[in-house]
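Below is one structure, written out as structure tokens, with a few remarks after it.
Below, read A as the first sequence line, B as the second, and so on, with proteins coming before strands; counting in each chain starts at 1.
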Number of protein chains: 2
Amino acid sequence: MRISSKGDYGLRALFDLAQHYGKGPVQSEDIARRQGIPINYLNQLLITMRRAGLIESLRGPQGGHMLARSPETITLRDVLIALEGPLLPGDGTREDLVPGVPEDHDLIDEVWSELRAQLEAMLSRTTLDDLCQRKRQRAGSVMYYI
Amino acid sequence: MRISSKGDYGLRALFDLAQHYGKGPVQSEDIARRQGIPINYLNQLLITMRRAGLIESLRGPQGGHMLARSPETITLRDVLIALEGPLLPGDGTREDLVPGVPEDHDLIDEVWSELRAQLEAMLSRTTLDDLCQRKRQRAGSVMYYI
DNA sequence: GTATTCTTGAGCAATTTGCTCTACTATGGC
DNA sequence: GCCATAGTAGAGCAAATTGCTCAAGAATAC
């Protein structure tokens with residue numbers, strides 16, 4: 001039930017891309033520098049996210065990465081599932097375990113399943129665009145102090 | 001963001017204990033047999049849960065394990081935190097990572113933090129007693145078919 | 001005191017994490 | 001066509017975690 005650095009790094013990278021949405025490709029080196037992610041590791045995560053259909057990449061000079069869809073259609077759920085895999089038991093993760101008393105086993109399985117549905121719903125409520133708006137709001141409120 | 005077999009096994013074991021609540025100690029071997037958990041592994045998990053204050057154990061003949069509190073005061077959150085550790089970044093898990101741009105880093109940290117609060121609230125809504133009631137209801141509804 | 005039951009800790013193979021490095025491929029510009 | 005720039009692919013690797021087993025010890029009821 002923990003999120004590894006993949007999810008953390010991946011969200012940071014996508015957030016970076018979201019802030020450059022519509023302004024052409026962003027190079028992985030720039031993302032790595034801005035977000036403090038080891039470049040070689042980031043490249044791996046970017047490939048994973050491209051395969052998950054979250055970003056598109058262009059090679060060659062002036063190449064780079066960009067969101068495959070607009071920031072308001074990419075949710076935390078998309079990011080975490082792409083990078084961390086299935087979220088909870090009940091999606092194939094625990095089918096290997098010995099069942100035990102069937103009534104109890106089925107009941108626990110249902111608990112995980114319902115929990116997963118709730119969790120995914122929760123994660124689906126936050127989009128990359130929400131994060132961008134929050135950052136803009138915050139920058140705005142800081143202005144009052146000047 | 002996944003739950004390992006620890007959480008799954010642990011919940012099954014506690015659910016077993018909840019069904020025997022108030023009827024004296026239950027031996028780990030019985031739990032293992034009923035719930036399909038490898039005995040040696042279960043013993044480890046039971047120790048972890050005892051240290052977390054979820055169960056109490058008695059040694060010697062007729063010894064065994066029992067819930068330390070009543071089933072309606074033990075939630076899924078308690079079980080998962082005891083066995084799987086901290087649930088999401090924002091509780092010390094990700095402090096090792098290089099920050100990057102401070103505004104972005106802080107914002108992402110907040111996202112994890114809020115998410116964790118929501119998740120824990122979600123997990124706190126289900127108690128061991130809820131599971132027992134569900135099982136009883138189900139057994140009751142099965143009766144109608146007979 | 002002896003059988004029973006939990007406790008502690010070592011050990012271990014397999015998998016995952018968090019990287020690095022090298023080689024390769026695609027593309028734009030000269 | 002050549003070359004610099006970027007992404008792509010995959011091997012490799014140390015450290016941590018998972019999912020167990022096993023042996024020795026300690027407490028307790030009878």
Side-chain angles (χ1 to χ4, degrees), chain A residues 1-10 12-13 17 20 24-33 35-52 54-68 80 82-86 89 93-98, chain B residues 1-10 12-13 17 20 24-33 35-52 54-68 80 83-86 89 92-98:
Chain A
M1 179 66 97
R2 65 169 20 140
I3 288 183
S4 70
S5 71
K6 284 184 193 174
D8 196 334
Y9 283 151
R12 292 199 215 177
L17 290 182
H20 292 84
V26 179
Q27 290 149 25
S28 64
E29 201 181 329
D30 292 337
I31 304 176
R33 187 173 18 79
Q35 303 298 330
I37 308 173
I39 176 75
N40 289 318
Y41 196 39
L42 173 61
N43 278 330
Q44 280 187 188
L45 302 181
L46 288 169
I47 291 175
T48 301
M49 292 193 283
R50 187 179 54 76
R51 289 186 179 146
L54 295 178
I55 64 176
E56 284 171 357
S57 310
L58 295 176
R59 302 205 243 197
Q62 317 315 321
H65 307 270
M66 41 212 260
L67 295 184
L80 292 181
L83 290 167
E84 307 271 355
T93 322
R94 292 271 68 79
E95 277 165 17
D96 44 324
L97 302 185
V98 174
Chain B
M1 178 65 97
R2 66 170 19 143
I3 288 183
S4 69
S5 71
K6 284 184 193 175
D8 197 332
Y9 283 151
R12 291 198 216 177
L17 290 182
H20 291 83
V26 180
Q27 290 150 26
S28 64
E29 200 181 329
D30 292 337
I31 305 175
R33 186 173 18 80
Q35 303 300 329
I37 308 174
I39 176 75
N40 289 317
Y41 196 39
L42 173 62
N43 279 328
Q44 281 188 185
L45 303 180
L46 288 170
I47 291 173
T48 302
M49 292 193 282
R50 187 180 53 76
R51 289 186 180 145
L54 296 179
I55 64 177
E56 284 171 358
S57 310
L58 295 177
R59 302 204 243 198
Q62 315 315 318
H65 307 269
M66 41 211 259
L67 296 185
L80 292 180
L83 290 167
E84 307 273 354
T93 323
R94 292 271 70 79
E95 279 166 15
D96 44 322
L97 302 184
V98 175

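- No side-chain donor-acceptor contact under 3.5 Å links A:E56 to the backbone of A:M66.
- With rounding to whole Å, B:I37 atom CD1 is found 12 Å from D:dT21 atom P.
- Considering only side-chain N and O atoms, B:K6 lies under 4.0 angstrom from the phosphate OP1 or OP2 of D:dT18.
- Distances shown here put every side-chain N or O of B:R50 at or beyond 4.0 Å from the OP1 or OP2 atom of C:dC6.
- Note on A:S4: a side-chain N or O is less than 4.0 Å away from OP1 or OP2 of C:dG18.
- A distance-only check finds a donor-acceptor pair linking the side chain of A:R12 to the backbone of A:Q35 [under 3.5 Å].
- Counting to the nearest Å, the C1' atom of D:dT8 and the CD atom of A:E56 are 16 Å from each other.
- Look at OH on B:Y9: it is 8 Å from P on D:dG19, rounded to the nearest Å.
- Nearest heavy atom pair, residue B:D8 against residue B:I3, reads N-CG2, 4.2 Å.
- The heavy-atom pair separating B:L45 from B:G10 by the smallest distance is CD1-N, 4.3 Å.
- Residues from residues 38-45 of chain B lying near DNA chain D, meaning a heavy-atom separation below 4.0 Å, are B:P38, B:N40, B:Y41, B:Q44 in numerical order.
- Using modelled atom types, one side-chain atom of B:E84 and one backbone atom of B:G7 make a donor-acceptor pair closer than 3.5 Å.
- B:A32 and B:L42 get closest at one heavy-atom pair: N-CD2, 3.6 Å.
- As a whole-Å value, the separation of B:I47 CD1 from C:dT7 C1' is 5 Å.
- B:L46 has its CG atom 12 Å from the C1' atom of C:dT5, to the nearest Å.
- Residue B:S5 places at least one side-chain N or O closer than 4.0 Å to OP1 or OP2 of D:dG19.
- When the C1' atom of C:dT4 is taken as reference, atom CG of B:D30 falls 13 Å away, rounded to whole Å.
- A heavy-atom distance below 4.5 Å is found between the side chains of A:Y9 and A:P38.
- Here the closest heavy-atom approach between residue A:H65 and residue A:S57 is recorded as ND1-OG, 2.8 Å.
- Following rounding to the nearest Å, A:L83 (CG) and C:dT16 (P) show an atom-to-atom distance of 15 Å.
- The two residues B:I55 and B:L46 have their closest heavy-atom pair at CD1-O, 3.3 Å.
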Atom pairs, N/O to N/O, protein against nucleotides 2-6 of chain D, distance under 3.5 Å?
residue: D:dA6; atom: OP1; partner: A:Q27; partner atom: OE1; Å: 3.3
residue: D:dA6; atom: OP1; partner: A:Q27; partner atom: NE2; Å: 2.9
residue: D:dA6; atom: O4'; partner: A:G60; partner atom: O; Å: 2.9

